[in-house]
> 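Please read through the structure below; I'll follow up with questions.
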2 protein chains.
Amino acid sequence: MAQCLADLDGLFLALADPTRRAVIHRLGHGPASVGELAREATMTLPSFMKHVRVLETNGLIHTAKSGRVRTCTLNRERFTVVEDWLARQRRLWEERTDRLEQFVTDSTHSMEKRTS
Amino acid sequence: MAQCLADLDGLFLALADPTRRAVIHRLGHGPASVGELAREATMTLPSFMKHVRVLETNGLIHTAKSGRVRTCTLNRERFTVVEDWLARQRRLWEERTDRLEQFVTDSTHSMEKRTS
DNA sequence: TTGATACTTAGCTCTTGCGCTAAGTGTTGT
DNA sequence: ACAACACTTAGCGCAAGAGCTAAGTATCAA
């Protein structure tokens with residue numbers, strides 16, 4: 001729970017790169033090997049691997065090596081940490097909007113009382 | 001539209017800092033001055049101002065100066081760019097899950113045909 | 001007018017992120 | 001055995017991010 005606050009730093013940072021978002025997008029269609037993913041990127045394999053590591057250490061993907069091939073899979077649940085944060089902020093604004101509406105409604109009632 | 005892709009880099013980067021997320025959280029309750037926001041942060045004003053600028057240049061907040069006070073307001077609409085991206089990825093997985101279920105269902109039918 | 005207030009600018013460190021090359025490890029196919 | 005393959009490690013260079021201090025500007029209050 002308290003961990004989630006720290007997690008957000010890494011998660012948002014991991015998502016703040018087009019190469020990594022492209023990997024996520026690709027893995028949305030199903031698992032893929034590092035080589036397969038790297039072919040679509042415009043950089044050397046070692047550079048690309050770093051991106052894969054970032055995604056993995058932040059829990060956005062899971063990887064497993066079988067023979068000489070490392071296969072990557074999307075970890076869908078992890079995205080809810082980000083989505084939940086966004087939802088919490090949104091709820092905050094909406095609560096405030098509700099209070100503002102309440103205020104306006106109350107004022108209208110007061111005016112009605114005054115005018116009637 | 002095409003701009004949104006580049007925007008995501010900056011947006012996610014802007015959100016990848018606890019100080020900046022704290023500002024967003026605070027502004028969720030309503031507008032506030034830079035000084036007011038800075039008081040809650042554990043750093044000098046010039047350092048804090050940089051965070052405010054990052055949030056502003058990425059469109060997450062709007063600021064306006066009146067006299068010597070700069071007031072910050074949350075730009076709620078901007079968050080949809082991030083939310084939409086997350087929703088798009090999620091839709092992708094769900095489409096795939098649907099196809100997998102379809103496949104499983106089809107296989108079951110085939111087996112039924114075979115076993116019956 | 002003068003002092004306090006609320007930023008604002010300039011410029012400096014230190015760390016981290018992102019790319020590269022070169023060389024190494026473990027598997028697989030012949 | 002040995003070459004090709006699929007990473008993997010090590011280490012370098014550059015650019016950007018996040019913090020600081022010191023000094024400047026523009027209100028506002030008395």
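First the proteins, then the strands, lettered A, B, ... as listed; each starts at 1. Everything numeric in this text was worked out from a predicted model, so none of it was measured.
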> A/Asp9 CG to C/dG17 C1': how many Å, rounded?
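So the CG-C1' distance, A/Asp9 to C/dG17, works out to 15 Å.
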> B/Arg20 near the nucleic acid: base, sugar-phosphate alone, or nothing, with a heavy-atom cut-off under 4.0 Å?
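Here B/Arg20 touches the backbone only, sparing every base.
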> Output the rounded distance in Å from CG (B/Leu37) to P (C/dC7).
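For the pair B/Leu37 CG and C/dC7 P, the rounded distance is 9 Å.
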> Give the rounded distance in Å between these two atoms: CG of B/Asp17 and P of D/dA16.
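Answer to the nearest Å: 18 Å.
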> Roughly, in whole Å, what's the span from CG in B/Leu13 to P in D/dG17?
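Going from B/Leu13 (CG) to D/dG17 (P), I get 6 Å.
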> Would you find a donor on one side and an acceptor on the other, under 3.5 Å apart, between the side chain of A/Asn58 and the backbone of A/Leu60?
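Here the side-chain-to-backbone pair does not exist.
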> Are A/Arg70 and D/dT8 close enough that a side-chain N or O sits under 4.0 Å from OP1 or OP2?
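So the side-chain polar atoms of A/Arg70 do come within 4.0 Å of the phosphate oxygens OP1 or OP2 of D/dT8, strictly under.
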> When you look at A/Leu74 and B/Trp93, which way does the side chain to side chain contact (heavy atoms under 4.5 Å, CB included) test go after all the steps?
CA-CA 9 Å; A/Leu74 206 57; B/Trp93 319 334; 3.0 Å; yes
> In this structure, how many angstroms lie between the P atom of D/dA3 and the CZ atom of A/Arg68, rounded?
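Those two atoms, CZ and P, are 15 Å apart.
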> Please confirm whether the backbone N or O of A/Gly59 pairs with a side-chain atom of A/Asn75, one donor and one acceptor, at under 3.5 Å?
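The answer is yes, because a donor-acceptor pair under 3.5 Å joins these two groups.
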> State whether the side chain of B/Thr80 and the backbone N or O of B/Glu83 hold a donor-acceptor pair below 3.5 Å, judged by distance alone.
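Not a single qualifying donor-acceptor pair exists.
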> Give a yes/no answer on whether the side chain of A/Lys65 brings an N or O atom under 4.0 Å of OP1 or OP2 in D/dT8.
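Answer yes for this pair, as a side-chain N or O of A/Lys65 is under 4.0 Å from OP1 or OP2.
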> Using atom types as modelled and distance alone, determine if a side-chain donor or acceptor of A/Arg20 lies under 3.5 Å from a backbone N or O of A/Leu15.
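Not at all, since once roles are kept as given, no pair shorter than 3.5 Å links the two residues.
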> For the pair made of CG in A/Leu15 and P in C/dG17, what is the distance, rounded to whole Å?
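Checked: the CG to P distance equals 15 Å.
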> Looking at residues 41-60 of chain A, who's got a heavy atom less than 4.0 Å off DNA chain D?
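Going residue by residue through residues 41-60 of chain A, the ones with a heavy atom under 4.0 Å of DNA chain D turn out to be A/Leu45, A/Pro46, A/Met49, A/Lys50, A/Arg53.
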> Return the CZ to CZ distance between B/Arg90 and A/Phe79, rounded to the nearest 0.5 Å.
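Reported to 0.5 Å precision, the distance equals 8.5 Å.
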